[in-house]
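Working notes for the structure below.
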Amino acid sequence: MGTYHYDLDDISYIGSIASIPETGWLVLVSQTTDNAYASIQTVRTYFMAGLIIAIFLVAVLAILLSKTLIRPLSELRSSTKDISGGKYDSIVPTYSYEEIEDLATSFREMTSTIQNRENRLLISEERFRSLVHNIRSGIVVHAADTSIIQSNAMAQKMLGLTEEQMMGKTANDTHWQFFREDGSHTPLEEYPINQVIATRKLLEDHVVGVYNPESDDVVWLLVNAVPEFNQTGELSQVIVTFIDISRRKKAEIALFESEEKYRRFFTTVPSGWAYHKIIVNENNKPVDYIFLEVNEAFEKATGLNKDIIIGKKVTDVITEIQDSEPDLISMYGEVALTGKDKLFELYFKPFNKWYSVNAFSNKINYFITIFSDITERKQVEKELEKHREHLEELVDERTTKLEERTEYLNKSEKALRFLLEDVNEIRSDLAKANEKLKELDNLKSMFIASMSHELRTPLNSIIGFTGIILQGMAGEINDEQKDHLERVYRSGQHLLDLITDIIDISKIEAGKMETIIEAFQLDLLIYDAVDSFKPQINKKGLRIYVTAPPDIQINSDRKRLLQCILNFLSNAVKFTEKGEISVTVNENNGMIIIKVKDTGIGMRDEDMQKLFGSFVRLESHLKTIALGTGLGLYLTKKIASDILGGTVYAESILGQGSTFTIEVPKK
Amino acid sequence: MNKVLVIEDNENNLKLMTVLLKNSGYNIITAKTGREGIDMALQENPDFILLDIQLPDINGRDVIKEIRKSGKVGDLPVIALTALAMSGDRQEMLEAGCTGYIEKPIDTFRFIDQMKKIIGDADENPDR
């Protein structure tokens, strides 16, 4: 029941125990170990010797083998390495051993086969690469995570990106700007790659606009995208191909816009526009036509509804057209069949309207009408025609009158020309006369100047010597002689006054009157003046009153103011036979107002107006006794206005008396 | 004080004044030119002079100046006879040194009174 070792008395034993069935007996067999293993030791010794001999023999064999077998194998291995490294021209040497040579031969054949296959593969790959590179479609290969793993030159060109920029770019890259056909931005989920990933299906003929940064423009692409799956059914990549349809797209847009434009033009053009097809009978005679298309203006001008008439025959729409004059169907038929266009104006009875119509044909059996409602214009024309007729009559009438007038004017012009010549002559005469007058005026001044001396000198002698005789210095004279001499004396004095007045006036008129402005007491001047008339006043039995505020100082030409007052007093005394004369002085607003009032004969209103003129002698019953120069008031007025800077005026009631007033500035 | 020199070129005026002056008791000497008048004024010792300012040779202003220059008769009253309208002349004469003036034409009824009034300022009234 087992083997066991035991030592007894330093001798090692090996034993084995076994039970004998159904007896209860155990059998022990043992012997010393040395005894037991002695035969085994012998076998081991023999075996070791044999091993050594075998090793030696193997070594010898190995050396032999290495020469004949291992080296060619090693050379083949190195060639294999070369071939796997692509060195297909690695030489496999020939061998003398048949088996090895067979091996080498098949090896060589294999290498050549591999080399051929490899070459074909290279060529194929090159062709493929060239195809991908040169194909006129963009190709972009996306990995499953949408990142770009490959792109071709066309794709790069179309998208305006370099290969480096494309590589690794994902659909999420904000760089992309995709557009829908309507111009709006394409949302991310609509990107072709995202659609394919989402649907796992082929995307066909999808149009997308992509912003090309190179050209700074949107390029329109027609995109196809193909998903590819691996063995496990997972999406491995998506191949996206696309072509540039920008040009087509633009043409499409242009076409659309153009179509739209013309459509809009035809619908909105203010002229009525309609497209028809003519209907002919078996004799090719036009009998009807169908409305194919009309615009808004047509509806407005005709009152027909587009939706109702399209596709209908005109005879159904406007039954009266068959009786219309002119025969419209025949006219339009001629246009549609011959292609000759017509332009005419038409009164269309069914609508009671005037139209201007242009009918033409674009292809046989079809015709287009373009027309406008000219009813209003026609009415205006009719009105105008009426007016024109009336106007013509008027013009005729006027023309006749005008011709008459022209003739008259021509005559008048001739007369005027003569008159003008006369006037020019007269003007020239006048100029000469004016010259002469100036000469005469100078002469007058010279005459007056010399008169002042030459006339007065002898007159002074006459007056002087008459005075001496009157005073009795040349001896006694009788009363009659005295009366005569007094008349001589007075006449001389009068003549002297006249001459003096004339000299004064001419001096004032020539602006040569000297002015001496001095301060003096006005009331004294008044009394002086009144005093010098005292003898005459007393003689006539008149009363005189002076009302003047005392001590009025004024600045004026004393002598000339005195002359004015003396003239007033002289008149008052002269024309007053009874009653009184009053002199009043007032001051108002810097002006001195001196009034000389009498109760004399007075004046008529019409005489008042010429009162201050020169050489005025009013008609009166006192004429004979009223001596005067006729220059007194004229001179007074001249002095007052030109010398003293004041005014004179008179008030009077015929038969009741007059008031003469002079106003002069106080300073 | 009754010797009067009348310088006047106009015969009629001279005669008129001579009659008036003689009638009033004056002694009269006469000259008809300015030169003659100056000479007589210096030689004849008149009491006063009546001088017409419009003379044929020397004008009245120069005559007065000449007379005033001579020390002998420098303060002699001189009455200028001026035209009525010529107020400028009067001003000129007064400036030249005349004692007073009488306007021409002379008023025969007032002449002597006017004259006396002027020389009375310079001297006592002479007897009539």
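Residue numbers begin at 1 in each chain, while the letters A, B, ... track the order of the sequences.
Residue B/Ile106 does not touch chain A at all, counting heavy-atom pairs closer than 4.5 Å. Contacts between A/Leu470 and chain B at a heavy-atom distance below 4.5 Å involve the side chain alone, from C-beta outward. Both the backbone and the side chain of B/Lys15 come within contact range of chain A, judged by heavy atoms closer than 4.5 Å.
B/Leu16 CG to A/Ile468 CD1: the interatomic distance, rounded to the nearest 0.5 Å, is 4.0 Å.
Residue A/Asp483 places its CG atom among more than 12 non-hydrogen atoms of other residues, nucleotides or ligands, all under 6.0 Å distant. Enclosure of atom CD in A/Glu518 by more than 12 non-hydrogen atoms of other residues, nucleotides or ligands within 6.0 angstrom is indicated.
Scanning all heavy atoms of the two residues, the minimum distance from A/Gly467 to B/Thr108 falls at CA-OG1, 3.4 Å.
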